[in-house]
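Please find one structure pasted underneath; my questions will follow.
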Amino acid sequence: MARAAVQRRLTWLRARLTDNLPASTRVRRLVFDVDGWPGHLPGQHVDVRLTAEDGYTAQRSYSIASPPEDPRLHLLVEDLPGGEVSPYLTEEMQAGDDLELRGPIGGYFVWSAAADAATPAERRRPVQLVAGGAGVSPFLAMLDHARRAGDPTPVRLLYSARTADDVLGGDLLGPGATVTLTRGAPPDWTGPTGRVDGALLQEHAFPPDARPRVFVCGPTVFVETVATTLVDLGHPPSAIRLERFGGIGDPA
(Lines give C-alpha, C1' and ligand atoms only; values in the text may rest on other atoms or scores of the structure.)
Protein backbone atom coordinates (compact mmCIF):
# COMPACT_ATOMS: atom_id res chain seq x y z
CA MET A 1 0.00 0.00 0.00
CA ALA A 2 2.88 2.39 0.79
CA ARG A 3 4.37 1.74 -2.63
CA ALA A 4 1.02 2.48 -4.29
CA ALA A 5 0.83 5.78 -2.39
CA VAL A 6 4.29 6.77 -3.61
CA GLN A 7 3.37 5.92 -7.19
CA ARG A 8 0.19 8.01 -6.91
CA ARG A 9 2.12 11.02 -5.64
CA LEU A 10 4.59 10.78 -8.51
CA THR A 11 1.87 10.61 -11.16
CA TRP A 12 1.39 13.75 -13.24
CA LEU A 13 -2.02 15.24 -12.44
CA ARG A 14 -4.13 17.74 -14.34
CA ALA A 15 -4.46 21.07 -12.51
CA ARG A 16 -6.91 23.77 -13.58
CA LEU A 17 -6.26 27.40 -12.64
CA THR A 18 -9.12 29.05 -10.79
CA ASP A 19 -7.44 32.32 -9.74
CA ASN A 20 -4.31 34.30 -10.66
CA LEU A 21 -4.03 36.91 -7.91
CA PRO A 22 -1.41 39.54 -6.97
CA ALA A 23 0.50 38.52 -3.82
CA SER A 24 3.03 41.37 -3.93
CA THR A 25 4.45 43.74 -6.53
CA ARG A 26 6.38 40.88 -8.16
CA VAL A 27 4.67 37.67 -7.05
CA ARG A 28 1.37 36.10 -8.07
CA ARG A 29 -0.71 33.64 -6.06
CA LEU A 30 -1.90 30.88 -8.39
CA VAL A 31 -4.84 28.80 -7.16
CA PHE A 32 -5.57 25.40 -8.71
CA ASP A 33 -8.16 22.68 -8.61
CA VAL A 34 -6.23 19.42 -9.00
CA ASP A 35 -7.93 16.25 -10.21
CA GLY A 36 -7.09 13.36 -7.92
CA TRP A 37 -5.13 15.44 -5.40
CA PRO A 38 -4.28 13.11 -2.47
CA GLY A 39 -3.76 15.87 0.10
CA HIS A 40 -0.54 17.22 1.53
CA LEU A 41 1.33 18.25 4.67
CA PRO A 42 2.48 21.83 5.35
CA GLY A 43 6.02 22.17 4.02
CA GLN A 44 5.71 19.88 1.00
CA HIS A 45 6.14 20.98 -2.62
CA VAL A 46 5.07 20.07 -6.15
CA ASP A 47 6.71 19.80 -9.55
CA VAL A 48 5.02 21.83 -12.29
CA ARG A 49 5.44 20.83 -15.95
CA LEU A 50 4.63 22.91 -19.02
CA THR A 51 4.57 21.38 -22.52
CA ALA A 52 4.89 23.47 -25.67
CA GLU A 53 3.12 22.69 -28.94
CA ASP A 54 6.34 21.22 -30.36
CA GLY A 55 6.59 18.82 -27.42
CA TYR A 56 9.30 20.71 -25.51
CA THR A 57 8.79 20.55 -21.75
CA ALA A 58 9.98 22.70 -18.87
CA GLN A 59 9.68 21.76 -15.22
CA ARG A 60 9.98 23.70 -11.95
CA SER A 61 9.39 22.97 -8.26
CA TYR A 62 7.25 25.20 -6.03
CA SER A 63 6.45 25.01 -2.35
CA ILE A 64 2.77 24.62 -1.51
CA ALA A 65 1.58 27.84 0.10
CA SER A 66 -1.86 26.62 1.22
CA PRO A 67 -2.79 24.51 4.27
CA PRO A 68 -4.09 20.95 3.90
CA GLU A 69 -7.54 22.16 5.03
CA ASP A 70 -7.92 24.13 1.76
CA PRO A 71 -9.16 21.85 -1.05
CA ARG A 72 -7.44 24.03 -3.63
CA LEU A 73 -3.70 24.23 -4.15
CA HIS A 74 -1.94 27.61 -3.84
CA LEU A 75 1.48 28.40 -5.32
CA LEU A 76 3.42 31.67 -5.06
CA VAL A 77 5.32 32.44 -8.26
CA GLU A 78 7.48 35.44 -9.09
CA ASP A 79 7.59 36.75 -12.64
CA LEU A 80 11.31 36.44 -13.39
CA PRO A 81 12.49 38.47 -16.42
CA GLY A 82 13.84 36.04 -18.98
CA GLY A 83 12.43 33.07 -17.10
CA GLU A 84 11.32 29.98 -18.96
CA VAL A 85 8.29 29.07 -16.83
CA SER A 86 7.35 31.96 -14.55
CA PRO A 87 6.34 34.50 -17.26
CA TYR A 88 3.73 32.10 -18.59
CA LEU A 89 2.42 31.24 -15.13
CA THR A 90 2.18 34.82 -13.94
CA GLU A 91 1.37 36.79 -17.11
CA GLU A 92 -0.36 34.48 -19.57
CA MET A 93 -2.13 31.77 -17.63
CA GLN A 94 -5.80 32.54 -17.02
CA ALA A 95 -8.63 30.96 -15.06
CA GLY A 96 -9.69 27.77 -16.82
CA ASP A 97 -6.23 26.99 -18.21
CA ASP A 98 -4.62 23.66 -17.35
CA LEU A 99 -1.13 22.43 -16.56
CA GLU A 100 0.45 19.28 -15.17
CA LEU A 101 1.84 18.85 -11.68
CA ARG A 102 2.89 16.00 -9.44
CA GLY A 103 3.10 15.73 -5.69
CA PRO A 104 3.03 16.24 -2.86
CA ILE A 105 6.77 15.74 -2.60
CA GLY A 106 8.93 15.72 0.52
CA GLY A 107 8.62 14.40 4.04
CA TYR A 108 11.65 16.00 5.70
CA PHE A 109 10.66 19.66 5.71
CA VAL A 110 7.16 19.32 7.17
CA TRP A 111 5.33 20.22 10.36
CA SER A 112 1.68 19.67 11.22
CA ALA A 113 -0.57 20.04 14.22
CA ALA A 114 -1.56 16.39 13.90
CA ALA A 115 2.02 15.34 14.52
CA ASP A 116 2.07 17.31 17.79
CA ALA A 117 -1.42 16.29 18.93
CA ALA A 118 -0.21 13.16 20.70
CA THR A 119 2.37 15.10 22.74
CA PRO A 120 1.26 16.81 25.98
CA ALA A 121 1.29 20.59 25.59
CA GLU A 122 3.89 21.06 28.34
CA ARG A 123 6.31 18.80 26.48
CA ARG A 124 5.86 20.23 23.01
CA ARG A 125 8.94 21.82 21.56
CA PRO A 126 8.34 25.24 19.99
CA VAL A 127 8.71 25.76 16.26
CA GLN A 128 10.98 28.46 14.83
CA LEU A 129 10.57 29.43 11.18
CA VAL A 130 13.19 31.54 9.38
CA ALA A 131 12.34 32.69 5.84
CA GLY A 132 14.20 34.57 3.14
CA GLY A 133 12.02 36.14 0.45
CA ALA A 134 9.60 33.67 -1.10
CA GLY A 135 11.01 31.05 1.25
CA VAL A 136 8.07 32.07 3.40
CA SER A 137 5.74 30.07 1.09
CA PRO A 138 5.79 26.74 2.99
CA PHE A 139 5.59 28.64 6.27
CA LEU A 140 2.36 30.31 5.19
CA ALA A 141 0.92 26.81 4.83
CA MET A 142 2.20 25.89 8.30
CA LEU A 143 0.91 29.08 9.96
CA ASP A 144 -2.51 28.89 8.32
CA HIS A 145 -2.75 25.20 9.25
CA ALA A 146 -1.86 25.92 12.89
CA ARG A 147 -4.46 28.71 13.04
CA ARG A 148 -7.22 26.55 11.57
CA ALA A 149 -6.36 23.61 13.82
CA GLY A 150 -6.20 25.77 16.95
CA ASP A 151 -2.83 24.20 17.72
CA PRO A 152 -1.20 25.45 20.96
CA THR A 153 2.38 24.76 19.86
CA PRO A 154 4.38 28.01 20.15
CA VAL A 155 5.42 29.13 16.66
CA ARG A 156 7.56 32.11 15.68
CA LEU A 157 8.52 33.39 12.25
CA LEU A 158 11.54 35.57 11.41
CA TYR A 159 11.06 36.74 7.84
CA SER A 160 13.54 38.67 5.69
CA ALA A 161 12.12 40.57 2.70
CA ARG A 162 13.63 43.16 0.39
CA THR A 163 11.04 45.91 0.89
CA ALA A 164 7.62 46.31 2.48
CA ASP A 165 6.07 45.77 -0.96
CA ASP A 166 7.76 42.37 -1.19
CA VAL A 167 6.27 40.99 2.03
CA LEU A 168 4.06 37.98 1.31
CA GLY A 169 1.28 36.58 3.43
CA GLY A 170 -0.29 39.65 5.01
CA ASP A 171 -2.50 38.71 7.95
CA LEU A 172 -1.46 35.05 7.65
CA LEU A 173 1.90 35.95 9.20
CA GLY A 174 0.24 36.39 12.58
CA PRO A 175 1.39 38.07 15.80
CA GLY A 176 4.36 35.73 16.22
CA ALA A 177 6.04 37.02 13.06
CA THR A 178 8.94 39.46 12.86
CA VAL A 179 9.69 40.96 9.44
CA THR A 180 13.03 42.58 8.66
CA LEU A 181 13.55 44.63 5.49
CA THR A 182 16.90 44.52 3.71
CA ARG A 183 16.55 47.01 0.84
CA GLY A 184 14.95 50.02 2.46
CA ALA A 185 11.99 50.68 4.75
CA PRO A 186 9.11 53.20 4.58
CA PRO A 187 9.11 56.12 7.05
CA ASP A 188 6.45 54.50 9.23
CA TRP A 189 8.23 51.14 9.49
CA THR A 190 8.54 49.99 13.12
CA GLY A 191 10.17 46.61 12.58
CA PRO A 192 13.85 45.74 12.22
CA THR A 193 15.91 46.31 9.11
CA GLY A 194 18.94 44.50 7.72
CA ARG A 195 19.74 40.90 7.01
CA VAL A 196 19.10 38.07 9.43
CA ASP A 197 22.19 37.78 11.63
CA GLY A 198 23.09 36.62 15.11
CA ALA A 199 21.68 39.70 16.79
CA LEU A 200 18.28 39.37 15.08
CA LEU A 201 18.12 35.66 15.84
CA GLN A 202 18.97 36.23 19.49
CA GLU A 203 16.32 38.95 19.79
CA HIS A 204 13.45 37.44 17.80
CA ALA A 205 13.94 33.65 17.68
CA PHE A 206 13.53 31.00 20.34
CA PRO A 207 16.80 30.51 22.24
CA PRO A 208 18.66 27.18 22.15
CA ASP A 209 17.60 26.29 25.69
CA ALA A 210 13.95 26.28 24.53
CA ARG A 211 14.92 23.34 22.26
CA PRO A 212 12.99 24.63 19.23
CA ARG A 213 12.53 22.73 16.02
CA VAL A 214 13.95 25.13 13.43
CA PHE A 215 12.97 25.36 9.76
CA VAL A 216 14.93 27.64 7.40
CA CYS A 217 13.79 28.26 3.82
CA GLY A 218 15.04 30.64 1.15
CA PRO A 219 17.81 31.21 -1.38
CA THR A 220 20.86 29.01 -0.91
CA VAL A 221 23.21 31.69 0.42
CA PHE A 222 20.58 32.90 2.90
CA VAL A 223 19.86 29.39 4.17
CA GLU A 224 23.51 28.44 4.58
CA THR A 225 24.33 31.69 6.40
CA VAL A 226 21.39 31.39 8.78
CA ALA A 227 22.10 27.72 9.49
CA THR A 228 25.72 28.46 10.35
CA THR A 229 24.68 31.32 12.62
CA LEU A 230 22.11 29.17 14.41
CA VAL A 231 24.74 26.52 15.15
CA ASP A 232 27.15 29.22 16.36
CA LEU A 233 24.42 30.40 18.76
CA GLY A 234 24.11 26.92 20.24
CA HIS A 235 21.31 25.26 18.28
CA PRO A 236 22.13 21.60 17.54
CA PRO A 237 22.40 20.84 13.80
CA SER A 238 19.99 17.93 14.26
CA ALA A 239 17.24 20.39 15.23
CA ILE A 240 17.60 22.48 12.05
CA ARG A 241 15.88 21.58 8.78
CA LEU A 242 16.81 23.40 5.60
CA GLU A 243 15.07 24.02 2.28
CA ARG A 244 17.10 25.83 -0.39
CA PHE A 245 16.19 27.25 -3.77
CA GLY A 246 17.52 29.68 -6.35
CA GLY A 247 15.89 32.82 -7.63
CA ILE A 248 12.81 34.47 -6.25
CA GLY A 249 12.73 36.87 -3.38
CA ASP A 250 16.47 36.78 -2.64
CA PRO A 251 16.96 39.27 0.21
CA ALA A 252 20.77 39.16 0.08
Side-chain angles (χ1 to χ4, degrees), residues 5 9 23 29 31-32 34 37-46 62-76 103-161 167-180 191 196 200-218 223 226-227 230 233 235-243:
R9 287 198 300 270
R29 178 179 288 267
V31 184
F32 295 94
V34 184
W37 182 247
H40 66 280
L41 294 174
Q44 291 185 304
H45 64 276
V46 295
Y62 295 99
S63 293
I64 300 170
S66 50
E69 293 84 359
D70 192 330
R72 300 186 300 172
L73 199 68
H74 296 227
L75 305 178
L76 296 176
I105 300 171
Y108 166 75
F109 197 82
V110 299
W111 173 81
S112 70
D116 278 1
T119 304
E122 68 273 12
R123 290 171 47 199
R124 291 180 186 174
R125 296 168 59 195
V127 175
Q128 179 65 55
L129 313 174
V130 186
V136 77
S137 294
F139 299 152
L140 296 181
M142 294 181 186
L143 292 169
D144 199 2
H145 167 64
R147 178 183 60 82
R148 293 176 188 233
D151 187 82
T153 301
V155 181
R156 292 182 185 175
L157 168 66
L158 178 56
Y159 175 18
S160 173
V167 174
L168 301 169
D171 293 341
L172 288 178
L173 298 180
T178 299
V179 179
T180 182
V196 174
L200 273 180
L201 287 166
Q202 286 183 305
E203 184 176 357
H204 297 288
F206 288 110
D209 59 12
R211 300 180 58 248
R213 293 162 287 179
V214 185
F215 296 80
V216 185
C217 185
V223 169
V226 170
L230 286 165
L233 291 173
H235 293 270
S238 61
I240 305 170
R241 299 189 177 188
L242 311 177
E243 184 84 0

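As the structure is a prediction and not an experimental result, all values here were calculated from the model. The chain is numbered in sequence order, starting from 1.
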Among Leu200, Val196, Val179, Val226, exactly one meets side chain to side chain contact (heavy atoms under 4.5 Å, CB included) together with Ser160. Which residue is that?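 Single pass found, and it is Val196.
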Using every non-hydrogen atom in the two residues, find where Leu75 and Tyr62 come nearest and quote the distance to one decimal.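 For Leu75 versus Tyr62, the nearest heavy atoms are CD2-CB, 4.2 Å.
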Measuring from His235:NE2 to Leu201:CG, what's the distance to the nearest 0.5 Å?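 His235 NE2 to Leu201 CG: 7.0 Å, rounded to 0.5 Å.
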Flag the pair Trp37 / Pro104 as yes when at least one side-chain heavy-atom distance between them is below 4.5 Å, and no otherwise.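 When only atoms from C-beta onward are counted, Pro104 and Trp37 do touch, with a gap below 4.5 Å.
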Has the side chain of Arg213 got a donor or acceptor atom that lies under 3.5 Å from a matching backbone atom of Arg125?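 Yes, the answer is positive, given that a donor and an acceptor are paired below the 3.5 Å cut-off.
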Quick check: does any side chain N or O of Tyr159 sit under 3.5 Å from a backbone N or O of Leu168, one acting as donor and the other as acceptor?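 Between the backbone of Leu168 and the side chain of Tyr159 there is a qualifying donor-acceptor contact (under 3.5 Å).
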Residues two or more places apart in sequence or in another chain: which of them pass side-chain hydrogen bond (donor to acceptor under 3.5 Å, both in side chains) with His145?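 Once residues adjacent in sequence are excluded, the partners of His145 under the side-chain hydrogen bond (donor to acceptor under 3.5 Å, both in side chains) criterion are Glu69.
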Measuring only between side-chain heavy atoms, which start at C-beta, is Glu243 closer than 4.5 Å to His45?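 In contact.
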Just jot down the side-chain hydrogen bond (donor to acceptor under 3.5 Å, both in side chains) partners of Arg72, sequence neighbours excluded, or say none.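 With neighbours one apart ignored, the set is Thr18, Asp19.
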Work out which heavy atom in Pro138 is nearest to a heavy atom in Gly135; give both atom names and the distance.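 Heavy atoms of Pro138 and Gly135 come nearest at CD-O, 3.4 Å.
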Could you state the interatomic distance from CG (Leu129) to CZ (Phe206), rounded to the nearest 0.5 Å?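 These two atoms lie 9.0 Å from each other.
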Sub-4.5 Å side-chain heavy-atom contact between Leu158 and Arg156: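 Heavy-atom side-chain distance check fails, nothing below 4.5 Å.
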Least distance between heavy atoms, Pro67 atom then Arg148 atom: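 Minimum heavy-atom separation between Pro67 and Arg148: CG-NE, 3.5 Å.
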Asp144 side chain reached by His74 side chain, heavy atoms, under 4.5 Å: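 No, their side chains stay 4.5 Å or more apart.
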Check: Val167 and Val136 side chains under 4.5 Å, non-hydrogen atoms: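 The answer is no; the side chains never approach within 4.5 Å.
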Is there side-chain contact between Val46 and Val34, with at least one heavy-atom pair below 4.5 Å?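 Contact flag for Val46/Val34 side chains = no.
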Hey, what do you get for CG (Leu242) to CZ (Phe215), rounding to the nearest 0.5 Å?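 Answer for the CG-CZ pair, Leu242 versus Phe215, is 10.5 Å.
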Leu140 vs Arg29, side-chain contact (heavy atoms from CB on, under 4.5 Å): CA-CA, chis, key distance, verdict: CA-CA 12 Å; Leu140 296 181; Arg29 178 179 288 267; 4.0 Å; yes
If you look at every heavy atom in Pro212 and Pro207, which pair is closest and at what distance?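 Closest approach of Pro212 to Pro207, heavy atoms only: CD-O, 3.4 Å.
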Sub-3.5 Å donor-acceptor pair from the side chain of His40 to the main-chain atoms of Ser66, do we have one?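 Indeed, once roles are kept as given, a pair shorter than 3.5 Å links the two residues.
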Work out which heavy atom in Val110 is nearest to a heavy atom in Gln44; give both atom names and the distance.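 Smallest interatomic distance, heavy atoms only, reads CG1-CG, 3.6 Å.
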Check: Arg241 side chain, Tyr108 main-chain N or O, donor-acceptor pair, under 3.5 Å: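 It does hold such a pair.
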With the side chain counted from C-beta on, respond yes when Leu172 and Leu143 share a heavy-atom pair under 4.5 Å apart, and no when they do not.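 Result no, sub-4.5 Å side-chain heavy-atom pair not found.
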For Gly43 against Met142, the heavy-atom pair lying closest together: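 Minimum heavy-atom contact is CA-CE, 3.9 Å.
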